[in-house]
Amino acid sequence: MDALLMKIYDYYTGDGREMLLRAYDFAAKAHANQKRASGEPYFIHPCAVAEILIELGLDTATIAGALLHDVIEDTPYTAEDIRKEFGEEVLTLVSGVTKLDKIVFKSQEEEEAENFRKIFVAMAKDIRVIIIKLADRLHNMRSLNFLSKERQQKMARETLDIFAPIAGRLGISQIKCELEDLCLKYLDPAAFEFLVENIHQKLEERNNFVDFVVEEINGILTECNIRGEVFGRPKHFYSIYKKMKEKHKTLEQIYDLTAVRVIVGTVDECYEVFGKIHKKWKPVPGRIKDYIATPKPNMYQSLHTTVVTNFGQPFEIQIRTEEMHRTAEYGIAAHWKYKEQREEESSLDQRIAWVREVMEWQGNLKDSREFMDTLKGDLYSTELLVFTPHGKVISLPKDATPVDFAYAIHSEVGNKCTGAKVNGKIVPLNSRLEIGDVVEIITSPNSKGPSWDWLKFIKSSSAKAKIKSFYKKVMKDDNIRLGKSILEEAAKRRGYSLSDLLTDESFKKISEKLAFASEEEMFSSVGYGAITINQVLFKLIDFFRKEMPQLNLPVTAPQPYRGKVHKGAVTIKGMTGLLVSFAGCCSPVPGDDIVGFVTRGRGIVVHRKDCPNLKGAEPERLQVAEWLSDEGGAKFKAAIVVTAEDQGAAIGAISACVAEMKLELTSINGRYDKNNSAIVDVTVNLTSLQDVEVLIKKIKSRSRIIDVRRTAN
């Protein structure tokens, strides 16, 4: 507490110092009779949090907020007391932290997901709230040994999953590294003790080696007439632990336990020293990274290289300017710490653009778990740096595709995307991008929107969220109709009427649990597939049985569908005016036994009943489907595969038979199998199952044809 007062006098002057001294006295009085789990005065905690933030260089409002962050929650003082004494800005910070403190995480459960969302709402309002929270969590982790083992593990797991990655994304490496090491201490104490003991055993030997490297690099700086600083930095335990786990290495196989940093004055000097080091020592291929030209999303910049000494010892070197070093150590907090070189507001906005983007798409994700999964994808993704044709750097997750790139540019670019060029060549949209690729997106104003199939191969969490958001908005009316029909059918099968189950009272009860704003939103969520039928129906039935037993409705047998037949080739019984399409995997044609599958966002897709893609499908999503007798010559695609002695024979037979039957050939692809037989896949437009059977017989009758069959997928 005395150390904090000294720092307040050292770091702050005038009105700022006066406010912090008042906040110190106010918090000391408020927490006067409280104790921590360790038995120490509680006031030690807010003082420690404030001290961490002073070291980071935060402004007076943030330090005051840190001193007062537990006052509203744990003492008789109110928000109004804080406002009167310290003003609206400090109250906003204290209230933001107080709301976060009320969060109780339950790992992997819905509550955790919803609370994750609250953290980012607080961050978007004022980024300083989460910086206070990170300092608060750091001091709590430092004093975790006074809690029970169960609480230690719970808090450590939560910190490693949520708070450490957030500190990393904001670039505050000091806090991130210490949090990770403290988490390892409680989550895997044996591994932590092993690292501490074994790393310290060889400390002298490693220090001697680092001293040698530092001396050699200082010689390079002198030779180049460059003023700079060179020093060794031991890697934190968690990063070593992670490398051992992921790469299945022993501690003896981890050579870069210490990285050597070179701090120089300018970017040009960084590259000059970089070249001289590579001239002196041989670089390890694949271990050179230029984060100056292509900064990380948290604005980190540095040149990284791993080199091997003349006697075979590899080690890592990081080269950066003083300004880059500040950013690397303090991240977003550097905005406040270095007042004499304070960044423009636009630069600060650039630093928290990620938070803004999260808040932009989180509003479209009603499912909290979906939000958490999406966010964690962004927090933990390995980055891949690619370029636009104009040289702008775009950061994407590992194995990202051109579709991920399109959505990283803008939602509309993604929605209108029809193709892509990588390094000047047209590539499939599911191609994997490589570091340094130049990507150009081809768009069309006539595009109807993204393909649902893109979700199968894209890697970016935000791209997935934007595609789902598109389908939710565009398909809303269809989803409402579809969801209502599905619920009515499911209720009927259980002997209930949806109109009896869904009352004002029951909807109010269900909306408290599932956060629906209206019945239409509930129907749309079911139709779209954001929630399951049973999640809604079981709650409605449960409420009905508890609250209205007097009605005691008789249970009736399931009723057949009696929906109107809509125009087209297929009718879905009980479903009228819905979007119906045909599955490309099995290409059903009139005469096939078919079934309708309720998709997540694309209406009903008609499959053949024997389609292997329907194995394991939810029974509630399968609907009775029938061909109309008066389809009126509507055309359907059928896929067949022809095996022949050679491709010429296969293609000749297919062309002749298709022409003879006056059918339309829509695609043809050939290849050879391991027996050197020609395999030709064909798609044909036709009007009935009989057409398929006749075509197969005709092709089979041709010479040098081994087999002809219709494909199921």
Side-chain angles (χ1 to χ4, degrees), residues 164-177 180 217 226 228-233 235-236 239 242-243 256 258-278 281 283-307 314-335 338 341 343 347-348 350-354 378-388 390-400 405 408 433-439 460:
I166 288 174
R169 200 61 168 75
L170 296 178
I172 312 173
S173 65
Q174 284 189 353
I175 289 182
K176 172 185 175 285
C177 293
E180 287 178 339
I217 296 176
I226 293 173
E229 184 184 359
V230 188
F231 56 90
R233 176 196 64 85
K235 292 206 166 180
H236 68 295
S239 68
K242 200 173 172 188
K243 188 175 285 190
D256 51 348
T258 305
V260 175
R261 281 191 184 144
V262 184
I263 314 295
V264 294
T266 67
V267 171
D268 286 346
E269 288 174 349
C270 288
Y271 285 105
E272 186 177 351
V273 172
F274 191 60
K276 293 285 186 182
I277 286 172
H278 282 181
W281 294 305
V284 177
R287 294 296 303 273
I288 300 170
K289 293 175 182 175
D290 186 349
Y291 292 118
I292 292 179
T294 53
K296 290 186 178 184
N298 63 9
M299 307 295 285
Y300 174 90
Q301 287 183 288
S302 196
L303 292 174
H304 287 200
T305 182
T306 299
V307 296
F315 62 97
E316 184 184 39
I317 301 174
Q318 300 169 357
I319 309 167
R320 58 180 74 147
T321 65
E322 290 178 18
E323 187 179 347
M324 292 172 192
H325 185 58
R326 293 168 184 165
T327 301
E329 291 298 299
Y330 298 101
I332 201 165
H335 174 79
Y338 297 98
Q341 296 181 6
E343 305 162 71
S347 180
L348 178 65
Q350 189 180 356
R351 289 181 180 281
I352 60 173
W354 169 68
D378 274 7
L379 276 175
Y380 303 131
S381 61
T382 306
E383 68 180 335
L384 167 74
L385 300 172
V386 293
F387 297 89
T388 69
H390 302 295
K392 183 182 177 183
V393 180
I394 303 295
S395 177
L396 298 170
K398 185 183 176 186
D399 294 333
F405 179 90
L433 298 178
E434 301 288 340
I435 291 175
D437 281 346
V438 177
V439 187
S460 162

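One is the number of the first residue; the rest follow in order along the sequence. Bear in mind that the values here come from a model prediction, so they are computed numbers and not experimental data.
One distance of note links OG1 of Thr305 with CD1 of Ile277; it measures 8.0 Å at 0.5 Å rounding. Within the model, atoms CD of Gln318 and SG of Cys270 stand 12.0 Å from one another, a figure rounded to the nearest 0.5 Å. Rounding to the nearest 0.5 Å gives a distance of 8.5 Å between CZ of Phe274 and CD1 of Ile292. Of the inter-residue distances, the one linking Glu316 atom CD with Arg287 atom CZ reads 6.0 Å to the nearest 0.5 angstrom. Taking NZ of Lys398 as the start and CD of Glu434 as the end, the distance is 10.0 Å to the nearest 0.5 Å. Distance check, rounded to the nearest 0.5 Å: CZ of Arg326 to CD1 of Ile263 gives 11.0 Å.
Asp290 meets the side chain to side chain donor-acceptor pair (under 3.5 Å) test with Tyr271; sequence neighbours excluded. Legend: residues meeting salt bridge (Lys or Arg N to Asp or Glu O under 4.0 Å) with Glu329, ordered by chain and number and at least two apart, are Arg261. For Ser173, there are no side chain to side chain donor-acceptor pair (under 3.5 Å) partners two or more places apart in sequence or in a different chain.
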>> Working note: Phe405 + Val386, criterion side chain to side chain contact (heavy atoms under 4.5 Å, CB included); need CA distance, chi angles, decisive distance, verdict.
In response: CA-CA 9 Å; Phe405 179 90; Val386 293; 3.7 Å; yes
> Can Met324 and Val267 be said to form a side chain to side chain contact (heavy atoms under 4.5 Å, CB included), step by step?
Replying inline: CA-CA 10 Å; Met324 292 172 192; Val267 171; 3.7 Å; yes
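With contacts defined as side-chain heavy-atom distances shorter than 4.5 Å, the pair Asp399/Leu433 does not qualify. Using a 4.5 Å cut-off on side-chain heavy atoms (C-beta onward), Val439 and Thr388 make no contact. Residues Val284 and Val307 fail the side-chain proximity criterion, which asks for heavy atoms closer than 4.5 Å.
Counting all heavy atoms, side chain and backbone alike, Ala408 lies closest to Ile394 at CB-CG2, 3.7 Å. The two residues Ser302 and Arg320 make their nearest non-hydrogen contact at OG-NE, 3.3 Å.
Proximity of a side-chain donor or acceptor of Glu269 to a complementary backbone N or O of Gly265 within less than 3.5 Å is detected. With Thr321 contributing its side chain and Thr266 its backbone, the two residues share no donor-acceptor pair below 3.5 Å.
The existence of a salt bridge linking Lys276 and Glu272 is excluded, since no basic side-chain nitrogen approaches an acidic carboxylate oxygen closer than 4.0 Å.
Within 6.0 Å of CD in Glu322 there are 12 or fewer heavy atoms belonging to other residues, nucleotides or ligands.
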